[in-house]
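Report on one structure; see the data block that follows.
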Amino acid sequence: MMPITLLTGPVAPLAGTPATSAIAKTPAASPLWLGTHGLQGDAQADRRVHGGPEKAVHHYPWDHYAAWRADLGALPMLDAPGAFGENVSDMGLTEDTVAVGDIFRLGGALVQVSQGRQPCWKLNHRFGLPDMARRVQDTGRTGWYYRVLQPGLVAQGDDLALIDRLAPEWTLRRLWRAMYVDRLNRTELEAIAALDVLAEGWRRYARRRLDSGRVEDWRPRLEGRS
């Protein structure tokens with residue numbers, strides 16, 4: 001069991017753009033109710049692509065921050081959790097060990113890993129780097145999302161305890177490799193399309209690649225192109 005940092009944030013202007021974002025998260029000052037659509041008091045600026053039952057909670061490992069400091073230098077925002085828009089930060093869990101379908105007890109709630117994070121262009125403005133979203137994707141240091149199986153109260157310093165593993169062979173690292181490295185491996189894509197604990201959006205990507213023999217264009221998501 002690992003104590004967590006719990007973070008939330010409001011919608012605010014995104015520097016250098018006319019857009020808004022809730023990517024800047026800070027530690028919660030009091031216990032919060034976690035429901036099926038996320039934490040009480042947390043916000044998402046664009047609910048077409050953020051939030052919702054399959055993205056109720058974003059987990060980003062504190063383990064990755066040292067690597068980002070080595071890559072990017074001593075940015076003040078890397079001194080504490082919250083730089084990547086995460087709701088949960090801890091040490092010891094990464095994409096190498098966490099699998100789709102893993103179920104955790106988080107305070108008084110029960111959550112399940114639903115999908116990896118697909119980084120978007122707002123990270124570029126958050127960090128002041130035009131390719132930050134692509135860096136996150138290319139490194140595989142993406143973080144992941146939980147769906148909420150059982151709502152409950154969550155507090156700063158609660159433990160995150162693994163309860164069950166439904167598809168332990170499908171680590172987030174394996175999923176990342178299939179989606180972003182070995183992108184047209186039909187065996188992997190067929191398995192992803194059939195992985196019922198994975199969010200439907202990711203399964204749909206796999207089916208489209210199987211049908212078309214092509215990889216989707218990532219530029220709108222990574223660069224903000226229309």
Side-chain angles (χ1 to χ4, degrees), residues 1-9 23-29 31-32 34 38-39 42 54-72 74-119 123 127 135-150 152-181 195 197-199 202:
M1 295 191 295
M2 306 154 199
I4 59 103
T5 301
L6 186 68
L7 305 110
T8 62
I23 196 170
K25 307 292 187 185
T26 56
L32 299 174
L34 175 57
L39 285 161
D42 193 43
E54 294 293 81
K55 298 180 180 179
V57 180
H58 177 218
H59 186 140
Y60 198 82
W62 177 244
D63 309 59
H64 292 335
Y65 274 65
W68 286 119
R69 286 192 292 270
D71 291 348
L72 305 177
L75 298 179
M77 73 172 63
L78 294 175
D79 291 341
F84 294 86
E86 63 266 38
N87 301 120
V88 170
S89 174
D90 81 335
M91 283 286 289
L93 294 176
T94 70
E95 295 83 357
D96 292 319
T97 55
V98 173
V100 177
D102 283 358
I103 297 173
F104 292 88
R105 173 68 63 184
L106 175 58
L110 203 63
V111 298
Q112 182 179 43
V113 178
S114 57
Q115 60 188 292
R117 181 191 186 170
Q118 292 185 297
L123 281 167
F127 282 84
R135 292 187 192 209
V136 171
Q137 179 170 294
D138 288 350
T139 60
R141 301 194 295 254
T142 61
W144 57 89
Y145 288 102
Y146 298 106
R147 61 175 68 95
V148 178
L149 302 181
Q150 175 185 302
L153 202 63
V154 182
Q156 208 67 256
D158 276 347
D159 288 326
L160 184 65
L162 182 63
I163 299 298
D164 199 4
R165 311 199 78 190
L166 302 186
E169 72 281 8
W170 271 104
T171 64
L172 292 161
R173 179 66 64 190
R174 178 181 174 187
L175 183 64
W176 167 83
R177 181 172 180 79
M179 295 300 288
Y180 300 120
V181 182
L195 187 58
V197 291
L198 179 64
W202 282 63

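Hydrogens, waters and symmetry mates are skipped; everything else that's a heavy atom, side chains included, is used.
A 4.5 Å side-chain heavy-atom check between Val98 and His59 finds every atom pair outside the cut-off. Trp68 has its side chain within reach of Thr139: a pair of non-hydrogen atoms, C-beta onward, lies under 4.5 Å apart. The closest side-chain heavy-atom distance from Asp71 to Arg141 is below 4.5 Å. In this structure, Asp42 and Lys25 have side chains that are in contact, with non-hydrogen atoms separated by less than 4.5 Å.
Summarising the geometry, atom OG1 belonging to Thr171 is positioned 11.0 Å from atom CZ belonging to Arg177; distances are rounded to the nearest 0.5 Å. The distance from atom CD of Glu95 to atom CG of Leu172, rounded to the nearest 0.5 Å, is 6.5 Å. Going from atom CD of Glu86 over to atom OH of Tyr145 covers 10.5 Å, rounded to the nearest 0.5 Å. Note that CG of Leu175 is 8.0 Å distant from OH of Tyr180, once rounded to the nearest 0.5 Å. Separation of atoms CG (Leu149) and CG (Leu106) is listed at 11.5 Å; rounding is to 0.5 Å. Atom CD1 of Ile103 is separated from atom CD1 of Ile163 by 8.5 Å, given to the nearest 0.5 angstrom.
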Begin with the C-alpha distance, continue with both residues' side-chain angles, and end with the deciding distance and a verdict on side-chain contact (heavy atoms from CB on, under 4.5 Å) for Val113 and Phe104.
CA-CA 8 Å; Val113 178; Phe104 292 88; 4.0 Å; yes

For Arg117 and Val136, what are the C-alpha separation, side-chain angles and deciding distance, and is it a side-chain contact (heavy atoms from CB on, under 4.5 Å)?
CA-CA 10 Å; Arg117 181 191 186 170; Val136 171; 5.7 Å; no

Given side-chain contact (heavy atoms from CB on, under 4.5 Å), test Asn87 with Leu34 step by step and report yes or no.
CA-CA 11 Å; Asn87 301 120; Leu34 175 57; over 6 Å; no

side-chain contact (heavy atoms from CB on, under 4.5 Å) between Leu39 and Leu6, intermediate numbers included:
CA-CA 10 Å; Leu39 285 161; Leu6 186 68; 3.7 Å; yes

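The backbone N or O of Ala28 lies less than 3.5 Å from a partner atom in the side chain of Gln156, making a donor-acceptor pair. Listed for the Asp63 side chain is a donor-acceptor partner under 3.5 Å among the backbone atoms of Gly92. With Gln115 contributing its side chain and Glu54 its backbone, the two residues share a donor-acceptor pair below 3.5 Å.
Applying the salt bridge (Lys or Arg N to Asp or Glu O under 4.0 Å) test to every pair with at least one member in residues 96-110, sequence neighbours left out, gives these pairs: Asp96-Arg173, Asp102-Arg165.
Applying the side-chain hydrogen bond (donor to acceptor under 3.5 Å, both in side chains) test to Trp176 and every residue at least two apart in sequence or in another chain returns nothing. Among residues two or more places apart in sequence or in another chain, the side-chain hydrogen bond (donor to acceptor under 3.5 Å, both in side chains) test is passed with Asp158 by none. With sequence neighbours excluded, no residue satisfies side-chain hydrogen bond (donor to acceptor under 3.5 Å, both in side chains) with Asp164. Not counting sequence neighbours, the partners of His64 by the ring-ring contact (aromatic ring centres under 6.0 Å, His included) test are Tyr60. Taking the ring-ring contact (aromatic ring centres under 6.0 Å, His included) definition, one finds that Tyr65 meets it with Trp62, Phe84, sequence neighbours left out.
Closest approach of Leu166 to Gly101, counting heavy atoms only: CG-O, 3.7 Å. Here the closest non-hydrogen pair linking Pro61 and Gly143 is CD-CA, 4.2 Å. For Ala155 against Ile4, the heavy-atom pair with the smallest separation is O-CD1, 3.9 Å. Taking all atoms of both residues into account, the shortest heavy-atom contact from Gln150 to Gly108 is NE2-O, 3.6 Å. Closest of all the heavy-atom pairs between Pro27 and Leu7 is N-CD2, 3.8 Å. Residue Leu198 comes nearest to Ser114 through the heavy atom pair CD1-O, 3.5 Å, listed as atom of the first residue, atom of the second, then distance.
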